[in-house]
Amino acid sequence: MNGTDKDLINIINNAPLSFLAIQMAFSNANAAIVLFQAALLALMVVFMRGAILKQFTVSEGFDVFMGGANSLLSTIFILLFAWGLGDIISSLGASNYMVSTLSNSIPAFILPAICFAMAGFIAFSTGTSFGTMGIMMPIIIPLAYAINPDMSYVTLSISSILTGATFGDHCSPISDTTILSSMGAGCDHIEHVRTQMPYALTVGFISFICYIFAALGLTNYLVLAIGFGSIFLVIRFVGKKVD
């Protein structure tokens with residue numbers, strides 16, 4: 001309501017409960033403030049409930065809160081350093097250099113698959129998917145647009161970064177999600193990494209091939225069918241039955 005978009009203000013005033021008004025309100029919200037307020041409200045509710053039902057004292061609740069916040073510090077620092085590195089990459093013009101150097105030498109059909117593999121490797125090495133996305137996005141988006149300005153191709157390249165980073169983070173032994181998974185299951189950490197790796201690598205390889213097919217122009221439904229069919233065949237002929 002304090003903005004300069006008069007059309008949007010008129011929609012909010014005249015039809016505040018319409019789908020368009022709600023959609024515009026959410027899309028123009030400040031996500032950082034909303035997330036902070038939601039977390040703060042949830043924290044207040046938990047403290048009030050615990051105090052009223054005498055499940056824990058305020059000091060005990062505060063100690064648990066500080067312990068949880070302390071466990072997130074490493075993630076926060078990783079994200080801050082990744083964002084800083086992304087800003088440095090942008091300031092140095094690395095994307096322009098990559099575009100001028102590689103736009104005429106990389107075939108369009110292979111770039112999404114390469115992005116998937118690179119994102120997976122970086123995320124596996126660093127243990128963070130968000131940091132990998134922050135590093136690769138400023139470089140790959142301009143490069144993909146220079147190779148093929150079609151937005152569907154650019155979107156495909158972006159998705160390859162997102163999925164590759166998630167894939168590498170899932171496999172990484174230093175990832176917080178992997179560590180928490182092994183802790184929650186009461187499993188030896190390295191054993192958890194070793195036993196999940198064949199499943200992740202199988203799906204990762206199939207995804208790599210599917211990105212090549214998608215970049216060649218196959219429809220999304222056909223690429224998804226190829227992916228699901230490949231997984232089914234692997235389970236059918238390589239998987240073992242259990243009792």
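Keep in mind that the numbers below use all heavy atoms, side chains included, and drop hydrogens, waters and symmetry copies.
Here the straight-line distance linking atom CG of Leu156 with atom CG of Asn220 works out to 8.0 Å at 0.5 Å rounding. Put simply, CD1 on Ile135 and CD1 on Ile122 are 6.0 Å apart, with the number rounded to the nearest 0.5 Å. Between the OG atom in Ser207 and the CD1 atom in Ile212 there is a gap of 11.5 Å [rounded to 0.5 Å]. Atom CD1 of Ile190 is separated from atom OG1 of Thr178 by 10.0 Å, given to the nearest 0.5 angstrom. One finds the CG atom of Leu162 at 8.0 Å from the OG atom of Ser160 (value rounded to the nearest 0.5 Å). Taking CD1 from Ile140 and CD1 from Ile161, the interatomic distance works out to 5.0 Å, rounded to the nearest 0.5 Å.
For Ala123 against Ala165, the heavy-atom pair with the smallest separation is CB-O, 3.2 Å. Considering all non-hydrogen atoms of both residues, Ala200 and His170 come closest at CB-CD2, 3.9 Å. Contact detail for Tyr153 and Pro112: the closest heavy-atom pair is OH-CD, 3.7 Å. The nearest pair of heavy atoms linking Phe208 to Ala113 is CE1-O, 3.2 Å.
Within 6.0 Å of CG in Asn30 there are more than 12 heavy atoms belonging to other residues, nucleotides or ligands. For Met48, the CE atom sits in a loose shell: 12 or fewer heavy atoms of surrounding residues, nucleotides or ligands are nearer than 6.0 Å. Atom CZ of Phe47 has more than 12 heavy atoms from other residues, nucleotides or ligands within 6.0 Å. Other residues, nucleotides and ligands contribute over 12 non-hydrogen atoms within 6.0 Å of the CZ atom of Phe56.
A single hydrophobic cluster is seen to contain both Leu201 and Ile114, as judged by linkage of ILVMFWY side chains at heavy-atom distances under 4.5 Å, directly or through other members. Under a hydrophobic clustering in which Ile, Leu, Val, Met, Phe, Trp and Tyr are joined whenever their side-chain heavy atoms come within less than 4.5 Å, directly or via other members, Phe26 and Val34 fall into different clusters. Cluster membership check: Phe232 does not share its hydrophobic cluster with Ile235, using side-chain heavy-atom separations under 4.5 Å among Ile, Leu, Val, Met, Phe, Trp and Tyr. Phe205 and Leu218 end up in the same hydrophobic cluster when Ile, Leu, Val, Met, Phe, Trp and Tyr side chains are linked at under 4.5 Å. Ile231 and Val223 fall into different hydrophobic clusters, where Ile, Leu, Val, Met, Phe, Trp and Tyr residues are linked whenever their side-chain heavy atoms come under 4.5 Å apart, directly or through other members.
In this structure, Phe116 has its ring center under 6.0 Å from that of Phe167.
Side-chain contact between Ser157 and Leu111 is present, with heavy atoms from C-beta onward closer than 4.5 Å. Residues Asp169 and Thr132 are not in side-chain contact: their nearest non-hydrogen atoms beyond the backbone lie 4.5 Å or more apart. Using a 4.5 Å heavy-atom cutoff, the side chains of Val154 and Asp150 are not in contact. Residues Met136 and Ile158 have side chains not in contact (no heavy-atom distance under 4.5 Å, counting atoms from C-beta outward). Side-chain contact between Phe213 and Leu222 is absent, with no heavy atoms from C-beta onward closer than 4.5 Å. Under the 4.5 Å side-chain criterion, counting only non-hydrogen atoms from C-beta, Ile206 is in contact with Cys210.
At distances below 3.5 Å, at least one donor-acceptor pair connects side-chain atoms of Asn13 with backbone N or O atoms of Ile9. The main-chain N or O of Phe124 is found under 3.5 Å from a side-chain atom of Ser172 such that the two form a donor-acceptor pair. Of the possible polar contacts, one joining the Asp188 side chain to the Glu191 backbone as a donor-acceptor pair under 3.5 Å is found. Using modelled atom types, no side-chain atom of Tyr145 and backbone atom of Met151 make a donor-acceptor pair closer than 3.5 Å.
A donor-acceptor contact under 3.5 angstrom links the side chains of Tyr211 and Thr163, judged on distance only.
Residues meeting the side-chain contact (heavy atoms from CB on, under 4.5 Å) test with Leu8, sequence neighbours left out: Asp5, Ile12, Met24, Asn28. Among residues two or more places apart in sequence or in another chain, the side-chain contact (heavy atoms from CB on, under 4.5 Å) test is passed with Thr57 by Ser59, Glu60.
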Exercise for the section: Kindly determine whether Met133 and Thr166 satisfy side chain to side chain contact (heavy atoms under 4.5 Å, CB included), including the steps that lead there. Expected result: CA-CA 9 Å; Met133 297 171 195; Thr166 305; 4.2 Å; yes
